[in-house]
S.K.: 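Submitted below is the structure of interest, expressed as structure tokens.
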Amino acid sequence: LAKTTQPISMDSYEGQEVNITCSHNNIATNDYITWYQQFPSQGPRFIIQGYKTKVTNEVASLFIPADRKSSTLSLPRVSLSDTAVYYCLVGGSGGYQKVTFGTGTKLQVIP
Amino acid sequence: GAGVSQSPSNKVTEKGKDVELRCDPISGHTALYWYRQSLGQGLEFLIYFQGNSAPDKSGLPSDRFSAERTGGSVSTLTIQRTQQEDSAVYLCASSLAGTGVSSGGWGTEAFFGQGTRLTVV
């Protein structure tokens, strides 16, 4: 099972771009990289998913280098409402049941 | 329904009692997952259902934990003889498919419910 490593916490001022990097050195060929966001007292919410290169949606961008051993979630111009825990997951044919959500990165946005 | 629904939202029970937690997945989602999240921790996988296949119970922490999924829809997680260490938030998630990139498995988003906060006193 691919294990992920990400910073425990990060602080950022409002309006700044935030980049959270996740390491997954033993990612498998079929594995996708997925990021979830969790607010207190809520279940995680899907943000973005990618396999290689760059993916962008209305919420974030995901940068994946050619070797796929890491990925970076980029949140443009964060606001206070982006304060949450962000989880990086990798998984493939095993599906979500083979994935454990780690402790994630707690992002604190400061006014 | 609009999303994954879990009930109750909060449950306080005495040590040694049995509890049942319910999950209503999104209609049409064949995959259903249960996770447990202790305070300040990540999510711990418990059990997974995919269609009519035998469930993956590899994450259940002990034989006091069991789960059913009736008619491929509603699921019930049962904890027998609850212990204080069972106190946590129990999260349910569903997705269109659970396995296989080719079948849209991992590439599919999982939708989570709000969870059931279980407190064993």
Side-chain angles (χ1 to χ4, degrees), chain A residues 1-9 22 24 27-52 55 57-60 62 64 68 71 84-106 108, chain B residues 3-6 9-10 23 25-26 29-51 53-60 67 89-117:
Chain A
L1 303 177
K3 179 181 176 180
T4 60
T5 302
Q6 51 184 124
I8 294 174
S9 64
C22 178
H24 28 80
I27 188 170
T29 302
N30 287 339
D31 284 346
Y32 278 72
I33 300 157
T34 311
W35 287 79
Y36 278 79
Q37 174 191 56
Q38 186 178 28
F39 297 112
S41 301
Q42 293 188 24
R45 183 174 71 106
F46 176 91
I47 301 176
I48 197 166
Q49 184 178 79
Y51 184 79
K52 61 181 179 180
V55 179
N57 61 23
E58 65 278 5
V59 176
L62 179 59
I64 306 170
R68 304 198 329 121
S71 60
V85 177
Y86 293 82
Y87 296 96
C88 163
L89 315 175
V90 293
S93 60
Y96 283 94
Q97 78 278 17
K98 300 301 183 186
V99 175
T100 297
F101 286 64
T103 52
T105 297
K106 185 173 183 179
Q108 180 68 51
Chain B
V4 177
S5 178
Q6 292 187 246
S9 55
N10 282 284
C23 173
I26 293 173
H29 281 191
T30 58
L32 186 148
Y33 315 82
W34 283 96
Y35 289 86
R36 176 170 71 173
Q37 186 171 33
S38 300
L39 187 63
Q41 301 298 310
L43 280 72
E44 174 190 6
F45 164 73
L46 296 177
I47 189 169
Y48 158 73
F49 296 89
Q50 170 57 43
S53 302
D56 180 343
K57 305 178 182 180
S58 60
L60 295 179
V89 175
Y90 289 82
L91 289 155
C92 174
S94 71
S95 66
L96 281 171
T99 59
V101 172
S102 62
S103 64
W106 177 253
T108 301
E109 175 182 350
F111 294 82
F112 283 80
Q114 297 281 65
T116 294
R117 181 175 298 278

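In what follows, every chain begins at residue 1, and chains take the letters A, B, ... in the order their sequences are listed.
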S.K.: Would you find a donor on one side and an acceptor on the other, under 3.5 Å apart, between the side chain of A:Tyr36 and the backbone of B:Ala110?
M.R.: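 Yes; judged by distance alone, with no hydrogens or angles, the pair exists.
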
S.K.: Looking at side-chain heavy atoms only, is the closest gap between A:Gln42 and B:Val89 below 4.5 Å?
M.R.: no

S.K.: Report which part of B:Gln37 has an atom under 4.5 Å of a heavy atom belonging to chain A: side chain, backbone, both, or neither.
M.R.: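 Contact with chain A involves the side chain of B:Gln37 alone.
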
S.K.: Which value, rounded to the nearest 0.5 Å, describes the distance between A:Ser41 atom OG and B:Arg117 atom CZ?
M.R.: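 Answer for the OG-CZ pair, A:Ser41 versus B:Arg117, is 5.5 Å.
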
S.K.: Could you tell me which of A:Pro40, A:Pro44, A:Gly104 has the largest number of non-hydrogen atom pairs under 4.5 Å with chain B?
M.R.: A:Pro44

S.K.: Any idea which heavy atoms bring A:Gly43 and B:Leu91 closest together, and the distance?
M.R.: CA-CD2, 3.7 Å

S.K.: So for A:Tyr51, is it side chain, backbone, both, or neither that comes closer than 4.5 Å to the heavy atoms of chain B?
M.R.: neither

